[in-house]
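Notes for the one structure printed next.
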Amino acid sequence: MRWWSRLAAAGAMLAALAAAAGLRPTAKERGGYPSAADAYSRPPLRFGSGGSFKVALFADLHYGENAWTDWGPAQDAGSDRVMAAVLDAEKPDFVVYLGDLVTANNLPIPNASLYWDRAVSAARGRGVPWAAVFGNHDDMPFEWPPEWFSPDGVPPLRCPPTSMSASGVDQGCSFRGTPRIDLITTEISKNRLSYSSNGPKDLWPGVSNYVLQVLSRSHGDPALLMYFLDSGGGSYTEVLSSAQVKWFQSQSQFLNPNGRIPELIFWHIPSTAYVKVAPKANSEIKKPCVGSINKENVAPQAAEWGMMDALAKRPSVKAVFVGHNHGLDWCCPYEKMWLCFSRHTGYGGYGNWPKGARIIQITESPFSTVSWIRMENGTKHSNVTLSS
């Protein structure tokens, strides 16, 4: 019996099967939490006729930053341009939004999903499916700027005219913030191209924890597994919890017990393992590491509760991809896998380095994973083979 047939027969693992198939668990499977996305089912992701699957990583977009100034909206327009340039040049099969889509601590509006929606619009407008994980800014509480308490006082706030309540009443400005679960539920309920998930309820407050499979071009079995994890920050500690480690171990053992399916991992804040392999800040990036900017120290999670050990024990795990550090875009080997930063994609956030995105191209047979950086100006650099 085929592996996939055995999966279908395993009723006790229905939720895991749904996650692996790119489908969302029902409200009952999530522990009763309702979602409009329950009515949707997305077609499975699949390797193309040429045997490849290309992913674009958009990291640290920071939409909505300093929304009350002229500078803020200009940064958002710049981020629009970067993603449009990358998507039009690369024409990826899939997009991963690698956290910090919005700067919630700067948003004086009732619903941050207005800016989140703009962040995913570049992929949506081109018909490219996507998935997202949370960063440390996406649901961070509003931070009152000190200058608002100067003699000049609070500046005139520019609240989007679409910030309406369900009754159609303009809610004006608000500083309450938008919780993670509200952001992700709004995204997946409004977008048939979204493969994001609000994840198992027993992993909350971490929300974006789920698995997607990419099927073989020639048969119905999965040829690639992509794991998405919420590395915290914002409304809670920057960490991958021990519960998330156990969840990963359970999922990977069930979906890929023999380790024959390659696995890629995505989260936002680098683990402490990135510190161990990092080139010295502001030094030249030398082999075996590959990259173009190395302008700061790694800012890791607050603690390590076993995720890197769990990944290192699985030869099927080929690479981990993170964002968070805007001044780093390198990949370095660690154990039998690679640890990679994306490239700062958004004009929001700190740093004035040129903008771009990491591209990952996976070939099914023979299996290989290669990656490079595509810049806003069209140039391409930092090619690296992550597995073969």
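These numbers come from a predicted model, not from an experiment.
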Study note, to complete from the structure: Scanning both residues in full, the closest heavy-atom pair of Asn297 with Ala281 reads OD1-CB, 3.3 Å
Study note, to complete from the structure: On a heavy-atom basis, the closest approach of Met307 and Glu304 is N-OE2, 2.8 Å
Check your understanding: Can you find a side-chain donor-acceptor pair between Tyr350 and Asp60 that sits under 3.5 Å?
Key -> no
Point to revise | Glu90 side chain reached by Trp372 side chain, heavy atoms, under 4.5 Å | key: yes
Practice item. Verify the distance criterion only: is there a donor paired with an acceptor across the side chains of Ser316 and Glu263 at less than 3.5 Å? Key: yes
Review point. Taking the six-membered ring for Trp, are His62 and His326 ring centroids under 6.0 Å apart?
Key: yes
Check your understanding: Does the side chain of Val55 come within less than 4.5 Å of Ile362's, by heavy atoms?
Key -> yes
Practice item. Take atom NZ of Lys336 as the centre, draw a 6.0 Å sphere, and report whether it contains more than 12 heavy atoms from other residues, nucleotides or ligands. Key: no
Review point. Would Trp338 and Val320 satisfy side chain to side chain contact (heavy atoms under 4.5 Å, CB included), going step by step from the backbone distance to the final call?
Key: CA-CA 6 Å; Trp338 285 79; Val320 179; over 6 Å; no
Exercise for review: Assign the ring pair Phe341 / Trp330 to parallel, tilted or perpendicular, where the plane angle (0 to 90°) is split at 30° and 60°.
Suggested key: perpendicular
**Study point:** Which residues share a side chain to side chain donor-acceptor pair (under 3.5 Å) with Tyr347, sequence neighbours left out
**Key:** Glu376
**Study point:** Test side chain to side chain contact (heavy atoms under 4.5 Å, CB included) applied to Thr385 and Thr369, step by step
**Key:** CA-CA 6 Å; Thr385 299; Thr369 304; over 6 Å; no
Practice item. Return yes when the gap between the SG atoms of Cys289 and Cys332 is under 2.5 Å; return no otherwise. Key: yes
Point to revise | Flag, side chain of Asn191 to backbone of Glu187, donor-acceptor distance under 3.5 Å | key: yes
Study note, to complete from the structure: Of Leu61, Thr345, Asn377, the one forming a side-chain contact (heavy atoms from CB on, under 4.5 Å) with Val82 is Thr345
Exercise for review: Identify whether the distance between the nearest side-chain nitrogen and carboxylate oxygen of Asp139 and Arg180 falls below 4.0 Å.
Suggested key: yes
Review point. Can you find a pair of side-chain heavy atoms, one from Ser371 and one from Gln361, that are under 4.5 Å apart?
Key: no
Practice item. Using modelled atom types only, decide if a donor and an acceptor are shared between the side chain of Asp138 and the backbone of Val102 within a distance under 3.5 Å. Key: yes
Check your understanding: Under the 3.5 angstrom rule, does the side chain of Arg217 hit a backbone N or O of Phe47 as a donor-acceptor pair?
Key -> no
Exercise for review: Would you indicate whether Trp305, at its atom CH2, is surrounded by more than 12 heavy atoms from other residues, nucleotides or ligands within a distance under 6.0 Å?
Suggested key: no
Check your understanding: Applying the 4.5 Å side-chain criterion to the ILVMFWY set and letting contacts propagate, would Val322 and Val239 be lumped into a single cluster?
Key -> no
**Study point:** Set of residues satisfying ring-ring contact (aromatic ring centres under 6.0 Å, His included) with respect to Phe134, sequence neighbours excluded
**Key:** Trp116
Exercise for review: Give a yes or no answer on whether the side chain of Gln244 reaches the backbone of Leu229 with a donor-acceptor pair at less than 3.5 Å.
Suggested key: no
Check your understanding: With distance as the sole test, does Glu65 use its side chain to make a donor-acceptor pair with the main-chain N or O of Gly349 at under 3.5 Å?
Key -> yes
**Study point:** Shortest non-hydrogen separation from Ala112 to Thr178 and the atoms involved
**Key:** N-OG1, 2.8 Å
Point to revise | Linked, directly or transitively: Val384 and Leu57 (ILVMFWY side chains, under 4.5 Å) | key: yes
Check your understanding: Given the side-chain rings of Phe248 and Tyr227, with only the six-membered ring counted for Trp, is the space between their centroids under 6.0 Å?
Key -> yes
Point to revise | Co-membership, hydrophobic cluster, residues Trp68 and Met140, 4.5 Å side-chain | key: no
Review point. Short question: side chain of Asp93, backbone of Lys54 - any donor-acceptor pair under 3.5 Å?
Key: yes
Check your understanding: Between the side chain of Arg42 and the main-chain N/O of Arg192, is any donor-acceptor distance below 3.5 Å?
Key -> yes
Point to revise | Validation row: Leu203, Asp230 side chains within 4.5 angstrom (heavy atoms) | key: no
Check your understanding: About how many Å separate CD1 of Ile265 and CE of Met308, when rounded to the nearest 0.5 Å?
Key -> 9.0 Å
Revision key, fill the gap. All heavy atoms of Ala223 vs all of Ile261, minimum pair found to be C-CG2, 3.6 Å
Study note, to complete from the structure: OG of Ser113 to NZ of Lys190, rounded to nearest 0.5 Å, is 5.5 Å
Point to revise | Step-by-step side chain to side chain contact (heavy atoms under 4.5 Å, CB included) determination, Ile360 to Phe266 | key: CA-CA 12 Å; Ile360 312 164; Phe266 303 90; 4.0 Å; yes
Check your understanding: Does Met83 reach the side chain of Tyr97, with side-chain heavy atoms less than 4.5 Å apart?
Key -> yes
Check your understanding: Just checking, is any N or O donor in the side chain of Thr363 or Ser52 under 3.5 Å from an acceptor N or O on the other one?
Key -> no
**Study point:** Backbone N/O of Ser283 and side chain of Asn294: donor-acceptor pair under 3.5 Å
**Key:** yes
**Study point:** Main-chain N/O of Ser216 paired with Arg46 side-chain donor or acceptor, under 3.5 Å
**Key:** yes
Review point. Does Leu264 reach the side chain of Lys318, with side-chain heavy atoms less than 4.5 Å apart?
Key: yes
Practice item. Applying side chain to side chain contact (heavy atoms under 4.5 Å, CB included), run through Gln301 and Ser231 and close with a yes or a no. Key: CA-CA 8 Å; Gln301 298 165 27; Ser231 56; 4.1 Å; yes
Practice item. For Val275 and Pro300, work out which heavy atoms get closest and say how close. Key: CG2-CG, 3.8 Å
Point to revise | In one Ile/Leu/Val/Met/Phe/Trp/Tyr side-chain cluster, 4.5 Å: Val298, Met337 | key: yes
Check your understanding: Parallel, tilted or perpendicular for Tyr210 and Phe228, by the 30°/60° rule?
Key -> parallel
Exercise for review: Answer with yes or no whether the side chains of His324 and Asp100 bring together a donor and an acceptor at under 3.5 Å.
Suggested key: no
Review point. Less than 4.5 Å apart, any side-chain heavy atom of Asn256 and any of Arg314?
Key: yes
Review point. Any link between Tyr236 and Ile269 through a network of hydrophobic side chains (Ile, Leu, Val, Met, Phe, Trp, Tyr) touching at under 4.5 Å?
Key: no
Review point. Quick one: does Asn258's side chain have a donor or acceptor within less than 3.5 Å of a partner on Arg260's backbone?
Key: no
Exercise for review: Side-chain contact test, heavy atoms from C-beta onward, threshold under 4.5 Å: evaluate it for Lys380 versus Ile373 and give yes or no.
Suggested key: no
Check your understanding: Any side-chain donor-acceptor pair under 3.5 Å between Arg343 and Ser382?
Key -> no
Practice item. Could you pull out the closest heavy-atom pair between Gly348 and Gln75, with the gap in Å? Key: N-CB, 4.0 Å
Point to revise | Worked verdict on Tyr115 versus Asn106 for side chain to side chain donor-acceptor pair (under 3.5 Å) | key: CA-CA 11 Å; Tyr115 283 98; Asn106 275 187; over 6 Å; no
Point to revise | salt_bridge(Arg126, Asp88) N-O dist < 4.0 Å | key: yes
